[in-house]
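These notes concern the structure reproduced below.
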Amino acid sequence: MNLLQDVWLPFRLQDGSHQNAPLSEIANPGIVDFALPRADFQGAAYQFAISVLQTVFAPEDTYQWLDRYRQPPTNDELQQCFEPVLHAFNASGDGPLFMQDFDALESAKPTSVAGLLIEAPGANGIKQNTDHFVKRGIGEVMSLEMAVLALFTIQINAPAGGQGHRVGLRGGGPLTTLVMPQGELVSLWQKLWLNVINREEWDYAEPDFNDADVFPWLAPTKTSDKKGTKIYHTDIHPLQILWAMPRRIRLQPLEESAMCAISGAESAVVVRQYKTQNYGINYAGDWSHPFTPYKWNPKKPDEDRLSIKGQPGGITYKIWDALTLTEDSESIGQQSAGVVKHFYQLTRMIEWDDITTPRLWAFGYDMDNMKARGWYSTSLPLFSLPVDHQSALLSGVKRLQNIASDALWQTRTQIKAAWFERPGDAKGDTSFIDVAFWQRTETAFFNAVHALVVSAADDDSHLNSEQANLWLRNLRSVCVDLFDEYALADIGSERSIVKRMKARRMLTGWLYGGKNMKNFIAEHQIAEAG
């Protein structure tokens, strides 16, 4: 099976129906999305298709990018561009195989293909019978198509995997951020093309597709069982960032008719096992993957930048600035993904309004070392703001985020004070309070950010008193509502009521008279807060 020639990917059409087609169909205006049975596979399919386009069909400049955005290529044009790399995209057969080790790994012991699924319990979890919530056997047999997507997914997200099983180039479980047009029925081509970077913006030498400089599986793996074997960004062609292969894996396909546990469809070629060997490619140092944002400590210039990872509680506006805005100063070090920075360059040529401006799709695993705690996927606003105005916006956004974080801390603290006699010693997960807070204040936050964007156009990102008061009133209302819901939901004893009302007074006292609140009111000249 060749991934650039054969029919293997499921697509969703404008009428809601699904159809399997070759990758060259992505320019068909009737196709609006992929139709994969798992959220992580859906994200992987986007990254796969964008990476193929970036590798073989990248536009020379913004003008060519715009032409292809408005007028997609034909299927034949795309297939012709795929020709030079067909040899690197065989999923089965003789010769090098896509994202699989050059060596057949004959001496490695076969293991269940379910192990390619990031959330699947490991061998120790099965042995210790601790797989209570994520059950064993979730993917014991896969079609070759689904096994390839599982393989690609683990290679681009690879978490820590035990001794010598290398972490992905972006670190284990990175967040991916893609630019998405408004509207579900927008063509898949526009969704993909918005994330292909023109060659003026991402400048790199013409690649040689016949060696392993771009596709590492075309040659014996550069193993990492000895010192001095780390691979840095200067050692490879920049496009290998899209095709990094930290894990040594070989699928074991069988010509056998069976039902795929992932898709539920009958398949004539299935995968039940794969082989793996440790000490694959050890990517090290600083990288700038075009789909992922990074942060660093500007006070420690010798430290590597770190990709932003999924965290408990999901993807909320508390990290929105780090996903969308770039700043390298003495106090802030953050960089949005390359595709987001490319979007800002496009704003010079495309006039988007509030209805047509693309949004940010952010998704990824929340990993605790080798354990997947959850999968998050959300859509967040983007604004048509030139790069040279972002610093002014960022300072205003940080002020909003900081006061929101302070308000959440006060709310959580006083809820615990109402619940417990010794709140400082109380244990347990209270993240549900955080989740509710971020969700309920999100609309007000982005309304305030929109106002900041408008003023940032004049290099003075500042809320007027009315806009600031709206934000403040929403913040106070949500905090008090959360306290009442979680701390005053039951009547309780007279003693407990006294304790809870005291906690409520402490919360409202801070909301109306806390130092940070007073500073915010004075800064924005709010005459009547509340």
Side-chain angles (χ1 to χ4, degrees), residues 170-171 174-175 177 233 285-290 292-311 313 315-345 347 360 362 380-383 385-410 434 437-438 441-442 444-446 448-464 467-468 471-472 475 510 514-525:
R170 293 182 273 178
L175 281 185
T177 56
H233 75 275
D286 253 347
W287 299 88
S288 290
H289 195 287
T292 291
Y294 291 82
K295 295 192 77 172
W296 62 91
N297 186 346
K299 294 181 173 60
K300 298 180 179 180
D302 294 334
E303 290 186 354
D304 293 338
R305 295 173 302 168
L306 299 176
S307 61
I308 296 178
K309 311 290 199 303
Q311 297 294 327
I315 304 167
T316 67
Y317 73 79
K318 68 179 179 179
I319 62 168
W320 175 82
D321 67 296
L323 304 183
T324 59
L325 303 174
T326 296
E327 178 74 9
D328 187 2
S329 65
E330 294 181 358
S331 58
I332 300 175
Q334 62 186 52
Q335 174 183 296
S336 60
V339 295
V340 176
K341 291 193 292 182
H342 184 249
F343 158 75
Y344 289 125
Q345 295 298 328
T347 61
L360 187 77
L380 297 168
L382 281 172
F383 297 95
L385 185 70
V387 175
D388 51 2
H389 291 148
Q390 289 190 11
S391 291
L393 173 64
L394 183 59
S395 61
V397 169
K398 288 288 188 185
R399 284 194 293 271
L400 295 176
Q401 291 171 325
N402 289 339
I403 200 168
S405 295
D406 289 344
L408 171 59
W409 187 89
Q410 294 288 341
D434 298 37
F437 174 86
W438 295 119
T441 56
E442 182 179 90
F445 171 80
F446 284 118
V449 171
H450 183 269
L452 289 172
V453 169
V454 173
S455 61
D458 299 322
D459 285 327
D460 180 25
S461 191
H462 197 81
L463 298 178
N464 62 37
Q467 295 161 344
W471 162 246
L472 198 58
L475 207 60
W510 183 87
K515 180 180 178 181
N516 291 352
M517 286 294 187
K518 286 183 176 179
N519 290 340
F520 187 83
I521 292 169
E523 178 185 355
H524 295 89
Q525 300 178 346

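Hydrogens, waters and symmetry mates play no part in the numbers below; they use all other heavy atoms, side chains included.
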Checklist entry - Can you check whether D406 reaches Q410 side chain to side chain, under 4.5 Å on heavy atoms? => result no
Item to check | For I319 against Q401, the heavy-atom pair lying closest together | outcome: N-NE2, 4.2 Å
Expected list for residues 390-397: side-chain donor-acceptor pairs under 3.5 angstrom, two or more places apart:
residue: Q390; atom: OE1; partner: T326; partner atom: N; Å: 3.2
residue: S391; atom: OG; partner: E327; partner atom: OE1; Å: 2.8
residue: S395; atom: OG; partner: A392; partner atom: O; Å: 2.9

Item to check | Residues W296, E303; criterion side-chain contact (heavy atoms from CB on, under 4.5 Å); working and verdict | outcome: CA-CA 8 Å; W296 62 91; E303 290 186 354; over 6 Å; no
Next on the checklist: Taking the side chain as everything from C-beta on, heavy atoms only, tell me whether W287 gets closer than 4.5 Å to D304.
Outcome noted: no
Checklist entry - So, do D434 and L408 sit near enough that their side-chain heavy atoms are less than 4.5 Å apart? => result yes
Item to check | Flag side-chain contact, heavy atom, 4.5 Å: T177 against I308 | outcome: no
Item to check | Q334/L325 under side-chain contact (heavy atoms from CB on, under 4.5 Å): CA gap, chis, key distance, verdict | outcome: CA-CA 7 Å; Q334 62 186 52; L325 303 174; 4.1 Å; yes
Checklist entry - Would S307 and R170 count as having a side-chain donor-acceptor pair, cut-off 3.5 Å? => result no
Checklist entry - Are I403 and W471 close enough that some pair of their side-chain heavy atoms sits under 4.5 Å apart? => result yes
Next on the checklist: Between S288 and R305, is there a side-chain heavy-atom distance shorter than 4.5 Å?
Outcome noted: yes
Next on the checklist: Quick one, R399 and F520 - any side-chain contact, counting heavy atoms below 4.5 Å?
Outcome noted: no
Next on the checklist: To the nearest 0.5 Å, what is the distance between CG on L380 and CG on L360?
Outcome noted: 6.0 Å
Checklist entry - If you measure from NZ on K515 to NZ on K518, what distance do you get to the nearest 0.5 Å? => result 11.0 Å
Next on the checklist: Please find the pair of heavy atoms, one from I315 and one from L323, that lie closest to each other, and give the distance.
Outcome noted: CG2-CD1, 3.9 Å
Checklist entry - Hey, are the side chains of F383 and H450 touching, using non-hydrogen atoms and a 4.5 Å cut-off? => result yes
Checklist entry - Can you name the ring-ring contact (aromatic ring centres under 6.0 Å, His included) partners of F446, sequence neighbours left out? => result W320
Next on the checklist: Is there a side-chain contact (heavy atoms from CB on, under 4.5 Å) between T292 and L175? Walk through the geometry before answering.
Outcome noted: CA-CA 6 Å; T292 291; L175 281 185; 5.7 Å; no
Item to check | Where E330 and P298 come nearest, the two heavy atoms and their spacing | outcome: O-CG, 3.5 Å
Next on the checklist: Walk me through whether H524 and L472 qualify under side-chain contact (heavy atoms from CB on, under 4.5 Å).
Outcome noted: CA-CA 11 Å; H524 295 89; L472 198 58; over 6 Å; no
Checklist entry - How close do V340 and T324 get, heavy atom to heavy atom, and via which atoms? => result CG1-O, 3.8 Å
Checklist outcome for this item: Shortest non-hydrogen pair, Q467 vs H462, comes out as OE1-O, 4.4 Å
Next on the checklist: So which atom in Y344 and which in L385 form the shortest heavy-atom distance, rounded to 0.1 Å?
Outcome noted: CD2-O, 3.1 Å
